[in-house]
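In what follows, every heavy atom counts, from backbone to side chain, and hydrogens, waters and symmetry copies are set aside.
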Amino acid sequence: MIDVQRRLFVRTLATAAGTLLLGVALAGPVRATETVKLSEVSHLHGIAVDVTDPSRLYLASHHGVWLTNPDGTATQVSDNRNDYMGFTPNPARPGSFFASGHPERGGNLGVLSSSDGARTWRQVSAGVNGPVDFHSMDVSAADPNILYGHYGSIQVSRDGGKTWEMAGKPPADIFDLAASGKDPDTVYAATRGGLMISRDAGRTWQAASMVQRPATMVATAANGTVYAFQVGVGLLRTTEPSLAWQTVGSDFGESVLLHFAADPSDPERLYAVTDKNTILASRDGGKTWEPLQS
């Protein structure tokens with residue numbers, strides 16, 4: 001039984017890391033504005049609720065940004081097929097986003113912003129030693145001028161992404177970053193060694209949980225709620241500044257959660273992307289989940 005659990009543990013970790021750090025092409029070519037079945041939008045790198053219509057989700061993928069439709073399809077909204085990583089909404093401007101990643105023909109995109117619902121993008125900064133490729137990036141809801149990103153080191157911007165500086169050495173084997181919703185100098189990290197927290201803007205790090213299991217995702221909400229996923233434990237939740245994590249959902253089978261979004265208008269409505277590229281939805285704050293219509 002122990003050997004079986006070990007094999008499952010190694011496989012889920014490898015899958016999570018591969019999905020987070022590699023990114024593979026969509027199956028088949030796509031055109032901007034094309035509408036396809038939701039299940040055909042693969043290799044997702046980010047998810048966000050459309051604040052103008054919470055029944056729809058933005059999906060950042062290896063080939064562009066998509067918006068889900070009520071009929072179980074998704075429409076490409078970006079005017080290109082770039083690989084969007086570090087996808088995060090700007091909490092100060094509905095319909096605005098930050099991202100990083102790779103252009104179609106290779107290389108790094110630096111730090112991008114969109115103010116028209118992810119349709120068009122412009123580079124606002126190359127980042128330190130850039131152009132960077134932030135696979136994980138987040139905006140502070142406590143101060144939307146502050147952004148954190150991971151590219152070799154932890155980088156921080158205090159002017160809305162225009163300029164960046166080195167903050168400090170990241171925790172080992174980092175998968176995800178999340179800026180606190182209450183304190184602009186607090187940032188969380190999901191790592192192979194577990195959940196970590198920095199209270200000095202990424203300069204130093206400490207364990208954020210007594211449970212030292214690999215964490216593949218961490219996300220925050222403006223109301224101070226923090227969510228995280230730990231392999232072998234499930235979806236966890238706490239309310240800042242407390243680090244008293246509680247398990248709210250554990251019935252994910254062999255899947256792990258990689259990306260996460262909470263509906264700002266309804267904290268009971270949650271969404272997640274698994275390592276198997278399945279989009280899950282919860283209507284009860286994470287207790288139960290079901291696949292989004294596809």
Side-chain angles (χ1 to χ4, degrees), residues 16-26 29-30 32 41-48 58-66 76-90 96-140 145-179 187 189-192 201-202 216-218 258-259 273 277:
T19 304
L20 283 168
L21 302 178
L22 295 179
V24 186
L26 276 168
V30 295
V41 184
S42 62
H43 301 289
L44 301 176
H45 301 318
I47 184 171
Y58 284 96
L59 306 174
S61 81
H62 189 80
H63 273 218
V65 180
W66 301 72
Q76 186 178 342
V77 294
S78 60
D79 64 359
N80 58 63
R81 294 181 291 172
N82 292 337
D83 179 8
Y84 286 95
M85 312 286 285
F87 182 76
T88 182
N90 183 343
S96 296
F97 300 90
F98 289 98
S100 189
H102 310 280
E104 291 181 67
R105 297 181 180 178
N108 294 340
L109 288 168
V111 181
L112 308 176
S113 72
S114 172
S115 59
D116 59 1
R119 287 169 177 78
T120 60
W121 296 82
R122 65 183 182 91
Q123 186 187 88
V124 294
S125 175
V128 181
N129 297 329
V132 298
D133 164 28
F134 287 147
H135 283 230
S136 54
M137 178 170 59
D138 200 21
V139 186
S140 170
N145 286 314
I146 296 180
L147 291 80
Y148 293 94
H150 172 228
Y151 180 73
S153 66
I154 300 297
Q155 298 189 22
V156 59
S157 172
R158 301 186 183 279
D159 58 6
K162 299 183 183 71
T163 61
W164 293 76
E165 62 185 28
M166 295 285 197
K169 184 179 179 180
D173 299 322
I174 185 171
F175 292 143
D176 199 14
L177 283 177
V187 59
T191 78
R192 191 182 300 273
T216 57
M217 176 280 295
V218 62
L258 300 181
H259 308 289
V273 176
N277 206 67

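Across all their heavy atoms, Ser61 and Ser42 have their closest contact at CB-O, 3.9 Å. When all heavy atoms of Ala189 and Ile174 are compared, the closest pair comes out as CB-CD1, 3.8 Å. Closest non-hydrogen pair, Met217 versus Ala190, comes out as N-CB, 3.6 Å. In terms of heavy atoms, Val132 sits closest to Gly127 at CG1-CA, 3.8 Å. His43 approaches Asn277 most closely through the heavy-atom pair N-OD1, 2.9 Å. Across every non-hydrogen atom of Ser157 and Lys162, the tightest pair is OG-N, 3.8 Å.
In this structure, the side chains of Val187 and Ile154 stay at 4.5 Å or more apart for every pair of heavy atoms. A heavy-atom distance below 4.5 Å is found between the side chains of Leu112 and Tyr84. Side-chain contact between Glu165 and Thr163 is absent, with no heavy atoms from C-beta onward closer than 4.5 Å. Residues Phe134 and Phe98 form no side-chain contact, since every pair of their non-hydrogen atoms from C-beta on lies 4.5 Å or further apart. Gln155 places none of its side-chain heavy atoms less than 4.5 Å from the side chain of His150.
When atom types are taken as modelled, the side chain of Asn145 and the backbone of Asp159 share no donor-acceptor pair closer than 3.5 angstrom. Between the side chain of Asp173 and the backbone N or O of Thr191, no donor-acceptor pair lies under 3.5 Å. Judged by distance alone, with hydrogens and angles left aside, the side-chain atoms of Gln76 form no donor-acceptor pair with the main-chain N or O of Gly64 at under 3.5 Å. For the pair Asp83 (side chain) and Gly101 (backbone), a donor-acceptor distance under 3.5 Å is absent. Judged purely by atom type and a 3.5 angstrom limit, Ser114 uses its side chain to pair as donor or acceptor with the backbone of Thr120.
No donor-acceptor contact under 3.5 angstrom links the side chains of Ser136 and Asp138, judged on distance only.
Here the straight-line distance linking atom CZ of Arg119 with atom OG of Ser78 works out to 10.0 Å at 0.5 Å rounding. One finds the CG atom of Asn82 at 9.0 Å from the NE2 atom of His63 (value rounded to the nearest 0.5 Å). From Met137, atom CE reaches atom CG of Asp176 across 12.0 Å, with rounding to the nearest 0.5 Å.
By the 6.0 Å contact criterion, CG on Asn129 is open, its count of non-hydrogen atoms from other residues, nucleotides or ligands being 12 or less.
Ring-plane geometry between His102 and His135 is classed as perpendicular, the angle between the planes exceeding 60 degrees on a 0 to 90 degree scale with a lower cut at 30. Aromatic ring orientation, Trp121 versus Phe97: tilted (interplanar angle from 30° to 60°).
The aromatic ring centres of Trp164 and Tyr151 sit 6.0 Å or more apart.
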